[in-house]
Number of protein chains: 2
Amino acid sequence: MSETDPSQIKGFNRARERASRALLEDYVEMIADLAAEFGEARITEIAARLGVAHPTATKAVARLKREGLAVSRPYRGVFLTEAGEALAEQVRARHRTVVALLRAVGVPEDLAELDAEGIEHHVSTRTLKAFEAFLASQGGKTG
Amino acid sequence: MSETDPSQIKGFNRARERASRALLEDYVEMIADLAAEFGEARITEIAARLGVAHPTATKAVARLKREGLAVSRPYRGVFLTEAGEALAEQVRARHRTVVALLRAVGVPEDLAELDAEGIEHHVSTRTLKAFEAFLASQGGKTG
DNA sequence: CGCGAAATGTAGCCTTGGCTACAAATTTCG
DNA sequence: CGAAATTTGTAGCCAAGGCTACATTTCGCG
Ligand SMILES: [Mn+2]
Ligand SMILES: [Mn+2]
Ligand SMILES: [Mn+2]
Ligand SMILES: [Mn+2]
């Protein structure tokens, strides 16, 4: 029998939900980066930077539009909505904090950047707060 | 133009690969848990603990079998192969270390357990080593 | 201006990972 | 033993996220 632990189920469900949001988050962050750099994000450039074929990026952008995070017109650039911008800012901040935390516990910079790309999407708001508090308490300690 | 940064692409590709392995890892770990507890893992119990419908678990187990991580016969329990056992052990160790690290930087226990369920799959071997070294250097410090 | 190159769109295919509904086997128990 | 309950299998649906191949539009430039 063994009463199935509800908190464990919660953990798995949560991980699955976050995994399904991960792609959206990376796209939004990338579009924000390109907007900052070029004034607009083109499908080809988004695809190139994310390492996917362009129809893959087109589909993802369609999903972003459907979810109210971006807008675009045929053969033109992609732009974030206000909701998209807000998400981008949040995602970017989380990315920075995760990298900083990894660095603080001794992970080399390049590796921290690589692993953070996946880890970031699974760090909850409260955990992020804990990371920030830890980093603050550490000051600029390096070794 | 802006030469597309290859290491950034690498990060995204790596995150995608790890995401696709995450499910397998959770199943293998769960099957090992059930084997330890009951001597075998039944489809219904696997599904219940992972919070999915039983045909979903059946499909996942089919994939595990295809990849040589598990074996089973119709209407019987699921068992890990040697490769499956080895993966389970590795996954379990990583899970423990990730939770310990989160705790060490100030994340409350329940939250650490929840977030770790997703984070664990994106922690590389070298990053895990760094976590272990950090934890060792910390000793049993709590506050 | 107009033509070739580049960018974008679209169609269609695949795999994974969810689900429900229903069929068949196994276990439990009166 | 046999019927009911439980477990497992199977069919078939959906969405997401990959891809290639091909059509169309836009852009750059002689
Ligand atoms: Mn990412
Ligand atoms: Mn990121
Ligand atoms: Mn997990
Ligand atoms: Mn785990």
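Throughout, a chain's letter reflects where its sequence line sits, starting with A, and its residues are numbered from 1.
- In the set C/dA7, C/dT16, C/dG18, C/dG18 carries the atom at the smallest distance from any side-chain atom of B/Leu23.
- Scanning DNA chain D 5' to 3' for nucleotides with an atom closer than 4.0 angstrom to a non-hydrogen atom of chain B gives a first and last hit of D/dT7 to D/dG18.
- B/Val28 is not listed as a side-chain neighbour of B/Glu25, based on a closest heavy-atom distance of 4.5 Å or more.
- The nearest whole Å value for the distance from the CZ atom in A/Arg18 to the C1' atom in C/dG18 is 20 Å.
- Considering only heavy atoms from C-beta on, B/Leu102 comes within 4.5 Å of A/Phe131 through its side chain.
- By the 4.5 Å heavy-atom criterion applied to side chains, A/Thr127 and A/His122 are not counted as neighbours.
- Between B/Thr56 and C/dC19 there is a side-chain polar atom (N or O) within less than 4.0 angstrom of OP1 or OP2.
- Contact annotation: the side chain of A/Leu114 never approaches that of B/Ser124 to less than 4.5 Å [non-hydrogen atoms, C-beta and beyond].
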Dump the pairs, protein N or O against N or O of nucleotides 3-5 of chain C, anything under 3.5 Å, distances to one decimal.
none

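- Residues of residues 71-80 of chain A having a heavy atom closer than 4.0 Å to DNA chain D, listed by number: A/Tyr75, A/Arg76.
- Comparing B/Arg66 and B/Val52 by the nucleotide of DNA chain C whose heavy atom lies nearest to each, the residue mapping closer to the 5' end is B/Arg66.
- Between A/Tyr75 and A/Ile43, every side-chain heavy-atom pair lies at or beyond the 4.5 Å cut-off.
- Considering only heavy atoms from C-beta on, A/Val78 stays 4.5 Å or farther from A/Lys65 through its side chain.
- Residue A/Ser20 is the one, among A/His54 and A/Ser20, whose nearest nucleotide of DNA chain D lies closer to the 5' end (criterion: closest heavy atom).
- Atom CZ of B/Arg21 is separated from atom C1' of C/dG17 by 16 Å (rounded to the nearest Å).
- Regarding B/Lys59, its NZ atom lies at a distance of 6 Å from the C1' atom of C/dG17, rounded to whole Å.
- Inter-residue side-chain proximity for B/Glu113 and B/Val99 is flagged as met; some heavy-atom pair is nearer than 4.5 Å.
- Between A/Asp115 and B/Arg126 there is no salt bridge, since no side-chain N of the basic residue sits under 4.0 Å from a carboxylate O of the acidic one.
- In summary, A/Glu17 and A/Arg21 do not engage in a salt bridge, as defined by a charged side-chain N under 4.0 Å from a carboxylate O.
- Whole-Å rounding puts the A/Ile46 CD1 to C/dA7 P distance at 13 Å.
- In this structure, B/Ile31 and B/Phe79 have side chains that are not in contact, with every pair of non-hydrogen atoms separated by 4.5 Å or more.
- A/Arg16 has no side-chain polar atom (N or O) that falls below the 4.0 Å cut-off from OP1 or OP2 of C/dG17.
- A single hydrophobic cluster is not seen to contain both A/Tyr27 and B/Ile9; linkage of ILVMFWY side chains at heavy-atom distances under 4.5 Å, directly or through other members, places them apart.
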